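Note sheet for the following structure.
Being a predicted model, the structure only gives us computed values, none of them experimental. Within every chain, numbering begins at 1; the chains are lettered A, B, ... in the order of the sequence lines, protein sequences first and strands thereafter. Side chains are part of it too, since the values below use all heavy atoms of this structure and drop only hydrogens, waters and symmetry mates.
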Protein chains: 2
Amino acid sequence: MEILVKKNRKQQIEEKATTLFRERGYAATSMRDLAQVLGIEAASLYSHIKSKEEILQKICFRMADEFFEAWKGVESEQNSAAAKMNKAAIAHVKVITRNTDASAVFFNEWRHLSEPYLGDFLAMRDDYEGRFIQIIKDGIASGEFEVVDEKFTMLTILSSLNWTHNWYKPEGSLTPEEVGVKLSNLVLNGLKK
Amino acid sequence: MEILVKKNRKQQIEEKATTLFRERGYAATSMRDLAQVLGIEAASLYSHIKSKEEILQKICFRMADEFFEAWKGVESEQNSAAAKMNKAAIAHVKVITRNTDASAVFFNEWRHLSEPYLGDFLAMRDDYEGRFIQIIKDGIASGEFEVVDEKFTMLTILSSLNWTHNWYKPEGSLTPEEVGVKLSNLVLNGLKK
DNA sequence: ATAATTTGCTAACGAACGTTAGTATGCTTA
DNA sequence: TAAGCATACTAACGTTCGTTAGCAAATTAT
């Protein structure tokens, strides 16, 4: 009967690898380390995967997919740039808080991707960052936001949002939604009264 | 005659290592990679250094020293928390922008330190972060700042400041001081008008 | 019942890793 | 001029790396 409980070995491998890559880094995690966590021999891993890098690719591009998926609904009919930024921040943070380990790998280990994956990855990142820049531009044009350097501001905002993976604990008191709201509020309104 | 121009081999090694560690990560940089950049054999490195990790230790703890050194002057006689935060942000960002490569190593590679260095490092980080928390607490107590979760706010602010190493180009138009001012302003006043 | 798939093993490959030993050369200092 | 230090070499060490080949058992699908 048990539905959704059975996971095939490949999924297990990717899950454990995500944890290890997060804790030790991709380069410092050996296939023998990974095998040991799963209770098998290193060579046995290759019955399920093609290479070590394939695991990293899966993690990185699955996260990218999730970020783009979450973006849907951000640029809806509403016209306020602040509301859009709020929505975007919440959507973004929700993805991170629901995948803290995979997010850490996504943010820190992507440089170990080889071509053409690396190029694809960077192109997606550019695309994604461009969406935040557009919101900022809109806000400036409409007079909602201060006149700022859009790229600088985008980088600053995203760095705040992206850091979430480093401290968020799912078992803590804050829900992903609440984290997004608080971050969005701090970014939009600042610390001063 | 030439003063301050002559650098001994050990310094050269640390400089080149900083660049490589930044570009490829500590674990993915081999001693043979490093030797090649310097035009010597890998074994020759050991006439100057004790181990690969020693280089990482030097980078990390020199940066830590610089951050603490820069803090002097932040907690001066002035009483406004906003002014203190402004000073702290500028001081912090100045250190980063003047050492972007070493900062990247400092922020991303410290986990490869072994004990007792790792413990020392984390203790220093806690100390440093505590200083930012104190400014936030002061600002809340004095009514200058919104009532916020101090730790959450500290993490968010520092993540913005610390991301600077990833995009700042010394040859660009912004001076370190200007970057600090802009970041501090965004954090304190927010994006909205 | 049989075929196919999943899962795992042992053994081993060649390459790369950090590091040490021992030696040699040239520069700097006493 | 001698001593000492800085610098670099060749050769090699034992270990670990990612990965492949070939085989075997168990499970699943036809």
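Spacing between atom NZ of B:Lys50 and atom P of C:dT19 amounts to 12 Å, rounded to whole angstrom units. Remark: P of C:dT19 and CD of B:Glu41 are 17 Å apart, rounded to the nearest angstrom. Across the protein-nucleic acid pair, B:Leu20 atom CG and C:dG18 atom P stand 12 Å apart, rounded to whole Å. Between B:Tyr26 atom OH and C:dC17 atom C1' the separation is 12 Å, expressed in whole Å. Distance, A:Leu38 CG to C:dT6 C1': 15 Å, rounded to whole Å. A straight line from CD of A:Gln36 to P of D:dG18 spans 13 Å, rounded to a whole angstrom. Whole-Å rounding puts the B:Leu45 CG to D:dT7 P distance at 12 Å. With rounding to whole Å, A:Ile40 atom CD1 is found 14 Å from C:dT10 atom C1'.
For residues 173-193 of chain B, there are no ring pair (Phe, Tyr, Trp, His ring centres under 6.0 Å) pairs, not counting sequence neighbours. Evaluation of the ring pair (Phe, Tyr, Trp, His ring centres under 6.0 Å) test over residues 32-68 of chain B, restricted to residues two or more places apart or in two chains, returns B:Phe67-B:His92, B:Phe67-B:Phe106, B:Phe67-B:Tyr128, B:Phe68-B:Tyr128.
When distances are taken from the side chain of B:Asn8 to each of C:dT19, D:dT7, D:dT10, the shortest belongs to D:dT7.
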Below 3.5 Å between N/O atoms, which protein atoms pair up with nucleotides 22-24 of chain D? Just atom names and distances, please.
none

Annotated protein contacts, base or backbone, on nucleotides 11-17 of chain D with a non-hydrogen cut-off under 4.0 Å, one of B, S, - each | BB----B
Audit row: A:Gln11, A:Glu15, side-chain hydrogen bond (donor to acceptor under 3.5 Å, both in side chains) steps and yes/no = CA-CA 6 Å; A:Gln11 282 174 293; A:Glu15 277 177 26; 5.8 Å; no
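A ring-centre distance under 6.0 Å is found for A:Phe132 and A:Trp71. A distance below 6.0 Å separates the ring centres of B:Phe152 and A:Trp167.
A:Tyr26 carries A:Lys52 over the face of its six-membered ring, with the cationic atom under 6.0 Å from the centre and within 45° of the normal.
Going from atom CG of A:Leu158 over to atom CD of A:Glu129 covers 6.0 Å, rounded to the nearest 0.5 Å.
The side chain to side chain donor-acceptor pair (under 3.5 Å) test applied to A:Arg24 returns A:Asp33, not counting sequence neighbours. In terms of the salt bridge (charged side-chain N to carboxylate O under 4.0 Å, His left out) criterion, residue partners of B:Asp127 (sequence neighbours excluded) are, by chain and number, B:Arg131.
Contact between the side-chain N/O atoms of B:His48 and the OP1/OP2 oxygens of D:dA6 is not found at any separation under 4.0 Å. Side-chain N/O atoms of B:Tyr46 include one lying less than 4.0 angstrom from OP1 or OP2 on C:dT19.
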